[in-house]
Structures are given as C-alpha cells and as structure tokens.
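Down below is the structure, laid out as structure tokens.
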Amino acid sequence: MSRTGTSKERLRPISGFPEWTPEYRAVELEWIDRLRAVFESYGFASIEPRSVEPVEVLLKQGDTDKEIYAIGRLAADPGDRPEPAYGLHYDMTVPMARYVAANLNRLSFPFKRYQIQKAWRGERPQEGRFREFLQCDIDVVDTRELPLHFDAEIPAIMREAMAAIGAGPVVTRISNRKVLEGFYAGLGVADTANAIRIVDKLDKAGPDGVGAMLSAELGLDGATIGRMLALAEISGADASVVERARALGVESELLERGLDELGFVMAELSRFPEGEFVADLSIARGLAYYTGTVYEAKFADFPDFPTICGGGRYDDLVGGLIARRMPGIGISIGLTRVFAKLVAEGRIAPGRKAPTDILVVHTRGAPYRTVRETADALRRRGFRVEQYHEDRKLNAQLKYASEKGIPWIWFPPAEEGGRHEVKNSETREQVPADPAAWTPAGPPGRES
RNA sequence: GCGGGCGUAGCUCAGGCGGUUAGAGCACCAGAUUGUGGAUCUGGGGGUCGUGGGUUCAAGUCCCAUCGCUCGCCCCA
C-alpha cells in the first residue's frame, strides 16, 4: 500500500464516509434541532457519552467484532498490548448501558435520554449503509420494571420525530420476541435464539430459504418449520393478529404474555392513521438482547431500502457490568440513512449556503472602522452579519451576496456621520436606514 | 470475504481503430463593466490519463497485476 499517495488519492472520497455541502448541512442541523425539540417535549435529556468503549463492552452484544473500528496510535510503543483495547462505538445502546451503570448514583430513574451522535461500522458500504453515520437514539431504562405503556409511547414519539423532519410516509412493523420465543418453545424448538435470527432473514431469503436454513442449521422437521412460517405470515393492523396467532394452537405461557403485550401496544397505536403501524410476526430483529416488543420502520415509498428505525424492549443490558438487572426500551433512527436517501431522491430542498442575514459591503472610500462598527452594531441587535473585507468594486460584492443568498445588503456611509442604506436583495429596493433601529419588513427577513 | 462495472482537470464526462504539444461543460482567476448583483462575451491558471509492470519504433488507448470508487452477495446494527 502506498504510504504517501498522489495528491489525487488524498482528495478522493472515502467510501462510506459521507460529507455534505453547507446548504445540506444546514438542513441536517435543522433536523437535529427539530428532533431535539420532539424528544425534549417528552422529557428526554441529552447526553453525549464518549465515542470509544473498551472492546469487551462493545463485544458484549454479539460477534460483530469485524465491524468494530479499533483505535490506537499510529506508532505504537514496544510495550503496547497487541490487541486493541478500545473501539469506536457502532451503536449507542450498549454504550448507553455502560454509561448508566457507571453513573447510577447520579441519575434519576426511570432514566430517559436521547443521543444524537456519530457511530462507526467497518462494513462494506452500499446504498443506505455507511461507515460513519449519525444515529439518533431514545431509550428509557429503569432499576425496576418498566410499565408496558412505554412500549406504546416510544413508537409514537418516533412517529412524531419522523414527521418533524419531513421524512415522508413511514411504515412501522411491530412484533414481540415473547410471541416468537414462546411459540417456538411451545413447538419444542430448543435453540429459540438462533431460530429467531434465521426467521429474521425472511424478507431477504423468503420462506423457502428460511425453511431450508431452519432445517439445515437447527435440524427442525417440516411440520415444525411449517408452523413457524405460518406464524411469520401473520400481519395486520388490529387485534385480529393476536387471534390468528392463538388459532395456530400452540400452548405456551410466554406466548400468551407476548400476545397480551402485542395486543396492548397495537390497541394503543390504533389511534394513528391506518397503515402506519402494523403488527407483523415476521419481524424478529437479529439482535440478541431484545426480549419483548420490537420495532422496525421503513420508508413507505422505498420498501426495498433498509430499515430506517429500529428498536425494542430489553430485560437487561447492564447485567454483565453491574450486579443488578435493568430493563429498558428504546428506538433508534438512522439519521444519515434517512437523510442520504432523501437527498438522493431529490426530496430535500437545500438550505442557504450561509446563515448570514446581512452583508455589510465596503462602501468605496469608507474607513474600515465605519464598516466594522456598522456590522458590530447590527450584530449586537441579533442579526447574523458579515462584512465584506475588501474595498472592491461593488459588482463583486453584490455578486458575493447573491451567490450566498444573503437577503439584505447594508451600505455604510462613505464618511463618518453619513447616511446608511439597506437594500432588499430580492426586491432590489434600497432605502435609508439606521443600524440602531432598522428591522426587516416582511420577507425575506430572518430565517424562519 | 465473493462477483460485476468504472478510474482522463477541483466536479461531470468525451477521446478510446495505439501515432506530433490530451479536450468540453461546470467551478476558479482576470477583464469587458471608471461602484448597484445572479446574464453574456473574451482571456487565463489547472492533467506525471489511479499506481506499478509488460507488449511496441510509439501506450490515455492493448495485456497483467495492484489500489480505489461503485453496484450486488455475505453479514447486519
């Protein structure tokens, strides 16, 4: 591998590490603000834990170790341990559990937090799959049992969040791990965890593929597989899902509890427009730690695009870290995934190239001090102001303002004590104005 | 990790039957325009044709390798 590379190589994009120009970053920032507002309206507090965790904390979740970016110094010392000690987090759930465990005496429970942070994954990038991406999580964790009501509140918050950023129509499919585990156990399937992992591939592998895997990997017979697939075929927006699952005739206490939970959640969500929330017993989610309700959301318009929100309930995330159990529930929005897709589809109107409200031009011959003080005065009054730092021909200065979409242009006097003028970029109307008193009349005005 | 496609200016690409100093549009800089804008015109800067090797009198062009990007598969937060 070339160490230096050509200058061309140094400029090339790095696969899976997206970058945006200012007018799109402006939209992304706007999204973050709106998401914060939604989460905070439900009482979720923001935290920003460190981006690195001990590798063993990250691995607690499963054997996805190949996806973890390890950190280390470029030039290691001779005595450094060969294995990476720290890795960049690849999601926020388990790291959040570590944070909660480490700060138990300082947090109040139930602890409700949101995190909007970068995460890193060393996978092969594809559409909707990045190696560096913004993830947006909300979770509730408690030291005692969390009421089932949270299972219904979390997707409602997520729905509001997606609406706030204008993500377009989203379909959220909901299932319950207890239903699957209870059903499988009732059928006599021993390895329910692996059965769930395999069934989770239904949308990609199809019923035949999943059946073959269940047979090959778990040695299940055709009749058992047939009933498992029959369960997975059940979906619908109302309580009939529960009845149809019961009608399959498998007896299990866990299954009953799961069906009760699912029925409650669906009943609660029935207040939303039909089709937004659908019970779907083919949804399993690959992750090992889920133990109850699970969610998976997709764009209604792009059904082949990967999951844009996912989450669910877990009985315990901190058990391996501290000597107690801590149940929780949460959901995560793949912000970069949503954003990049909507950009690619042309559904995002770019923002402005700069936040500037007013450009103070350098009037020919005006003392620099006059220009600067004019800009300062306007800035003190709350406007976002930049000054043109060159006594250059006006053409160039005005062109600069129009390229950046700056709505107001301010003309300071050529000599101290002279008259100021301000011009509306859109209407090109120019009038005398006092920097100490002027307020924009109507649009474009300040960013709304 | 596996398979397909593609690497030519900062960006998007043309050239691609090997043949003198490699092109366009956009972007950038300057001027036309002696201080009131998005246009137009003129000029300018900018390339070891991803990298290494091979074939040839001659390689951006053909062959091999390699790296990167990209799409799909595997995997899956």
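Order of the sequence lines fixes the chain letters, A, B, ..., with proteins taken first and strands second; residue numbering starts at 1 for each chain.
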Under the side-chain hydrogen bond (donor to acceptor under 3.5 Å, both in side chains) test, which residues partner [X], sequence neighbours left out?
X	answer
A/W31	none
A/H389	A/Y368
A/Q397	none

At 4.0 Å (heavy atoms only), tell me whether [X] reaches a base, stays on the sugar-phosphate, or touches nothing.
X	value
A/T363	base
A/H362	base
A/D391	base
A/Q397	nothing
A/R428	base

Rounding to a whole Å, what distance do you find between [X]:[atom1] and [N]:[atom2]?
X	N	atom1	atom2	value
A/K393	B/C29	NZ	C1'	12 Å
A/K353	B/G37	NZ	P	20 Å
A/Y289	B/C76	OH	C1'	12 Å
A/I283	B/C76	CD1	C1'	14 Å
A/R352	B/G38	CZ	P	19 Å
A/W408	B/U36	CH2	C1'	16 Å
A/F17	B/C69	CZ	C1'	14 Å

Residue [X], side-chain heavy atoms: nucleotide from [options] that is nearest:
X	options	value
A/I409	B/G37, B/U36, B/C28	B/G37
A/L394	B/A30, B/G37, B/U36	B/U36
A/R197	B/U36, B/A30, B/C76	B/C76

Quickly, which of A/D137, A/D139, A/D91 forms a side-chain contact (heavy atoms from CB on, under 4.5 Å) with A/M96? Name it, please.
A/D139
For A/L107, the option from A/I47, A/T143, A/V141, A/V100 that meets side-chain contact (heavy atoms from CB on, under 4.5 Å)
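By the side-chain contact (heavy atoms from CB on, under 4.5 Å) criterion, A/L107 pairs with just one of A/I47, A/T143, A/V141, A/V100: A/V100.
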[N] and [M]: how far apart are their [atom1] atoms, nearest whole angstrom?
N	M	atom1	value
B/G46	B/U33	C1'	27 Å
B/C11	B/C41	C1'	24 Å
B/G38	B/U34	C1'	22 Å
B/C13	B/U70	P	13 Å
B/G45	B/C29	C1'	7 Å

Can you confirm whether A/I14 is buried at CD1, in the sense that more than 12 heavy atoms of other residues, nucleotides or ligands lie under 6.0 Å from that atom?
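Open: at most 12 neighbouring heavy atoms sit under 6.0 Å from CD1 of A/I14.
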Counting heavy atoms not belonging to A/Y86, are there more than 12 under 6.0 Å from its OH?
no
Ring-face cation of A/K423 near A/F411 (centre distance under 6.0 Å, axis angle within 45°)
no
Return yes if the base of B/U33 and the side-chain atoms of A/N395 contain a donor-acceptor N/O pair under 3.5 Å, otherwise no.
yes
So does A/K423 reach the base of B/U36 with its side chain, donor to acceptor, closer than 3.5 Å?
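Per atom types, the contact qualifies.
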List the residues meeting salt bridge (charged side-chain N to carboxylate O under 4.0 Å, His left out) with A/E217, not counting sequence neighbours, and say none if there are none.
A/R197
Can A/F411 be classed as stacking with the base of B/U36, given a centroid separation cut-off of 5.5 Å and a plane angle cut-off of 30°?
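The ring of A/F411 is stacked on B/U36.
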Starting at the 5' end of RNA chain B, which residue's closest nucleotide do you reach first, A/S402 or A/G365?
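Nearest nucleotide further toward 5': that of A/G365.
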Hydrogens and angles aside, do A/D151 and A/Y295 bring a side-chain donor and acceptor to less than 3.5 Å of each other?
no
Tell me if the centroids of the rings in A/F383 and A/W408 come within less than 6.0 Å of each other.
no
Table of protein N/O atoms under 3.5 Å from nucleotides 70-74 of chain B N/O atoms:
residue	atom	partner	partner atom	Å
B/U70	OP2	A/S15	OG	2.2
B/C73	N4	A/Q126	NE2	3.4
B/C74	N4	A/R129	NH1	3.1

Treating a pair as Watson-Crick (purine N1 to pyrimidine N3 plus N6-O4 or O6-N4) or G-U wobble (N1-O2 and O6-N3) with both distances under 3.5 Å, list the stems of 3 or more consecutive pairs that involve RNA chain B.
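Output for stems: B:1-7 with B:67-73, B:10-13 with B:23-26, B:28-32 with B:40-44, B:50-54 with B:62-66.
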